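First the proteins, then the strands, lettered A, B, ... as listed; each starts at 1. Predicted, not measured: the structure shown is a model, and the values here were computed from it.
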Amino acid sequence: MIRTGLIVDTLGFVFVLAWLRLILPLLGLA
Amino acid sequence: VTGRKFAAALAAFGIAWLIPGLPPAQRAVAATFAASVVLWVSEGLPLAVTALLSTALLILLGVVPVEKAFLAYGDPVIILFIGSFVLAKGMEISRLDRRLAFLLLRYRWATRTPARLMLSLGVLSAVISMFVSNTAVAAMLLPIGLGLLAAMGVQVRGAPYAVGVLLMLTWGASVGGVGTIVGTPPNLITLSHIQQAAGRRVGFLEWMTFGVPLMITMLAGCWLLLRFLYGKNPPPAVHTSETAAAELRAMGALAPAERNTMVAFFTTLTLWLLPGALDLILGPLHRLTEFATSRLDAPVAALIGAALLFFLPARGAPEGRTLTWQQAATIDWGTVLLFGGGIALGRAMFDSGLAATVGRAAAAVAGTGSLWAVTAVATVLAIALSELASNTASAATIVPLAIGLALGAGVDPVAPALGAGLGASFGFMLPSARRPMPSSTVPVWCRPGR
């Protein structure tokens, strides 16, 4: 279960960073 | 055990107090912050009590005058919180959320294969969780999930498919929280700090432009992962849609309370989206846009919507209303207070200059970071802390630090603050990140995050 959780945590990290990086500049927020 | 946690908090206070080279005000805030984090993570005291105590300590140590310290508890975002909590309570009491769940699940395409059913439950959980608290959604959907599993003849304990379904439900609730500003408390904490420290407003629609894509991809990722891990040897597909249709029939026609909740909910949603929509359609300089942006703030919209629950008549409901005050007053005031205390502490960190000192020190250690390096660090810190502490306490701790880091590194603080705020919703790994549930039928891993 810890392994599953770790994969989801990593997935979350990657998606948060990717979407912020992609969209914040479009909104003028970064 | 509580004595030991309290001793640990005292020790943290003492160690922070002895950090050399800090001006007195920063030293006092650092000590208060360190003790609060220990108590938040160890839960030596109820979260709200720690928050209130930290504000009292800031006043006692002479860092913030009393009038200013308690202003944090009247932050507009607190009002938005209360308004959206009351709306969610209306959903819960009228059981409109349950009806919405069965309305989707009665369709055969939504439940045709076991994998499809898993996805449908995850999507339902996420969509409702965009507006209702993550825990309430999971608590509402878990019995529905268990009922459908029973209809399929799946043992809840031991069957991999059951674990997959229950995990999808609870993860969906966490993931849905990031979709809108009001989805989960960490978002509001982030917003409030961004407004305070960076002077930037993030509108309801603006948040959704990154919140919804994040939610959708994360949900898809979770589904693919759970399908891969727990989808082998699925149970034979049975018509769970018929079970859902039977439940829906048993609920009868739409009750006035449900109809009113729907009206209140869509009124609020329209008012929330209006400023952003007008900005897109009419441009930022139009008089209507200016009016909506400056006066129709999200808290105002939430209060108008919540008030509708009290004066739209509902035949058959207690006192003839959709929601009585007794029912509304059962919202989670602890989270509201935790939020107020977190904001007060965060502000003291900025006003005393502690956030900047920490940021400068971190930047000196790491060498000046780029914007996205700082954002990555803030996100990792928030995810890691939310494995141990509640999501709200994690956000209250890491978001001000993230802004401090950004200022120290000389980069714009909005992206790091958002990274930390979103990361606080994404701690999925340890059972300590899960909320205790009265029902022992649900394995600890499948319980909703705190």
Novice: Quick check: closest heavy atoms across Gly419(B) and Val16(A), and the distance to 0.1 Å?
Specialist: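 Looking at all heavy atoms of both residues, the shortest contact is CA-CG1, 4.1 Å.
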
Novice: How close do Asp412(B) and Leu29(A) get, heavy atom to heavy atom, and via which atoms?
Specialist: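 Looking at all heavy atoms of both residues, the shortest contact is OD2-O, 3.5 Å.
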
Novice: Is Leu214(B) in contact with chain A via its backbone, its side chain, both, or neither, using a 4.5 Å heavy-atom distance?
Specialist: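 Its backbone and side chain both get close to chain A.
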
Novice: Hey, what do you get for CZ (Phe210(B)) to CG (Leu27(A)), rounding to the nearest 0.5 Å?
Specialist: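 The CZ atom of Phe210(B) sits 7.5 Å away from the CG atom of Leu27(A).
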
Novice: Examine distances only and state if a side-chain atom of Asp9(A) and a backbone atom of Gly427(B) form a donor-acceptor pair shorter than 3.5 Å.
Specialist: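 No, the answer is negative, given that no donor and acceptor are paired below the 3.5 Å cut-off.
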
Novice: Flag the one option from Val411(B), Val175(B), Ile383(B) with the top tally of heavy-atom pairs under 4.5 Å to chain A.
Specialist: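 It is Ile383(B).
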
Novice: For chain B, which of Ile7(A), Leu26(A), Val14(A), Leu6(A) has the most heavy-atom pairs under 4.5 Å?
Specialist: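 It is Leu6(A).
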
Novice: Could you walk me through whether Thr4(A) and Tyr230(B) pass the side-chain contact (heavy atoms from CB on, under 4.5 Å) check?
Specialist: CA-CA 11 Å; Thr4(A) 311; Tyr230(B) 301 104; 3.8 Å; yes

Novice: With a 4.5 Å cut-off on heavy-atom pairs, point out which of Thr209(B), Leu226(B), Leu229(B), Ile194(B) contacts chain A the most.
Specialist: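 Ranked by heavy-atom pairs under 4.5 Å with chain A, first place is Thr209(B).
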
Novice: To check you understand the geometry: which heavy-atom pair defines the closest contact between Trp372(B) and Arg21(A), and what is its length?
Specialist: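 The answer is CH2-CA, 3.3 Å.
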
Novice: Measure the CG-CG distance between Leu224(B) and Leu11(A) for me, rounded to the nearest 0.5 Å.
Specialist: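 Spacing of CG (Leu224(B)) from CG (Leu11(A)) equals 9.0 Å.
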
Novice: Provide the closest heavy-atom pair for Val8(A) versus Cys222(B) in the form atom of the first, atom of the second, distance.
Specialist: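 So the two residues come closest at CG1-SG, 4.0 Å.
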
Novice: Distance check, rounded to the nearest 0.5 Å: Ile216(B) atom CD1 versus Phe15(A) atom CZ?
Specialist: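 Atom-to-atom, Ile216(B):CD1 and Phe15(A):CZ are 11.5 Å apart.
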
Novice: Using non-hydrogen atoms and a 4.5 Å limit, figure out which bit of Leu20(A) sits close to chain B: side chain, backbone, both or neither.
Specialist: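 Answer is both: backbone and side chain atoms of Leu20(A) are under 4.5 Å from chain B.
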
Novice: So for Leu371(B), is it side chain, backbone, both, or neither that comes closer than 4.5 Å to the heavy atoms of chain A?
Specialist: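 Side chain only.
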
